[in-house]
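What follows is a single structure, written as C-alpha cells, with notes after it.
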Amino acid sequence: MIRRSTAAFVWAVMLIAAMLTGFTAVSYAETAETAETGEEEGIYVSSVSLSDVYVKTRTPYYVKVFEGGVTPGTGKSELSIAEAEVSVVMTKGSHEIKQELTSISEEGYQGEVTFPEAGLWNIVITAADPHQAGQADVFEMELNVKEKNNETTYLWIGLMTLFAVVIIYVLFRIRRLLRK
C-alpha cells in the first residue's frame, strides 16, 4: 500500500507542478522489469508546448521527456532529461502528419508543423528509450486548430480610419480659427 501511494503522490506532485508552469500534460510509463525490483522507473513525456495553433501557419513546438525513478522506501524521486526517440503522429480525418523530433539539449525535443485543415486533431506522442526495449511512454491529446483570425486587422483599420478622421477634423478647425 505504501509503495503505490508514494508513487502516486510523486506522480500527483509532478502533475500539479507541470500544470502550474503552464505545461499541457504529464504521463508515466512503468516497465515489467522495474515492477519486479520494487523501484518504479520510467520515461515520461512531461510537457508539450502546443497551444494556440492556426491553420496553414508554420508552428514550432517542443516536447520535454524525462527519465525518472522513485524508490518507494525513501520517497526519493530522481528525474533527468531523457535520451529518447520521440515521434509524433497527428491525425484528422484522412490527414496524417508523422514526425520524428530532434533533440535540442536542455530544451527537450523540437518539431515544426503546418496543419492543412482547421478543426480537432488527435495527437499521439511516443517517447521510447533507445537503450531499453519496451520502455516507452505514449501520450495522447486533442488539439483544436483554429482558422486565422482577421478581427485584429479590422480593428487596426478601424482605429487608423478614426485617427485620420480626427486629424482631418482638427486641421479644419485650426484652419477655420486662423481665418477669423
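If you read the sequence from its start, that first residue is 1, and numbering goes on from there.
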### Option from Ile97, Val48, Leu143 for which side chain to side chain contact (heavy atoms under 4.5 Å, CB included) with Ile123 holds
Leu143

### Query
Knowing that exactly one of Asp137, Thr126, Val86 qualifies, which makes a side chain to side chain contact (heavy atoms under 4.5 Å, CB included) with Val45?
Asp137

### Distance in Å, Glu112 CD paired with Tyr61 OH, rounded so as to fall on 0.5 Å steps
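It comes to 9.5 Å.
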
### Query
Say you draw a straight line from CG of Leu120 to OG1 of Thr91; how long is it, rounded to the nearest 0.5 Å?
10.0 Å

Of all the heavy-atom pairs spanning [X] and [Y], show the shortest one and how long it is.
| X | Y | result |
| --- | --- | --- |
| Ile43 | Gln135 | N-NE2, 3.6 Å |
| Glu100 | Ser87 | OE2-CB, 3.3 Å |
| Gln110 | Pro60 | NE2-CB, 4.3 Å |
| Lys146 | Ala118 | C-CB, 4.2 Å |

Side-chain heavy atoms nearer than 4.5 Å, only ILVMFWY residues, links allowed to pass through others: does that put [X] and [Y] together?
| X | Y | result |
| --- | --- | --- |
| Val166 | Ile174 | yes |
| Phe163 | Leu171 | yes |
| Val170 | Leu178 | yes |
| Met141 | Trp121 | yes |
| Tyr62 | Leu101 | no |

Check whether [X] reaches the backbone of [Y] with its side chain - one donor and one acceptor, N or O, closer than 3.5 Å.
| X | Y | value |
| --- | --- | --- |
| Tyr109 | Ala84 | yes |
| Thr57 | Val55 | yes |
| Glu96 | Val89 | no |

### Atom NZ of Lys56: over 12 foreign heavy atoms under 6.0 Å
no

### Task
Flag the pair Phe115 / Met90 as yes when at least one side-chain heavy-atom distance between them is below 4.5 Å, and no otherwise.
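Side-chain contact under 4.5 Å: yes.
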
### Any Phe139 side-chain heavy atom under 4.5 Å of Val63 side chain
no

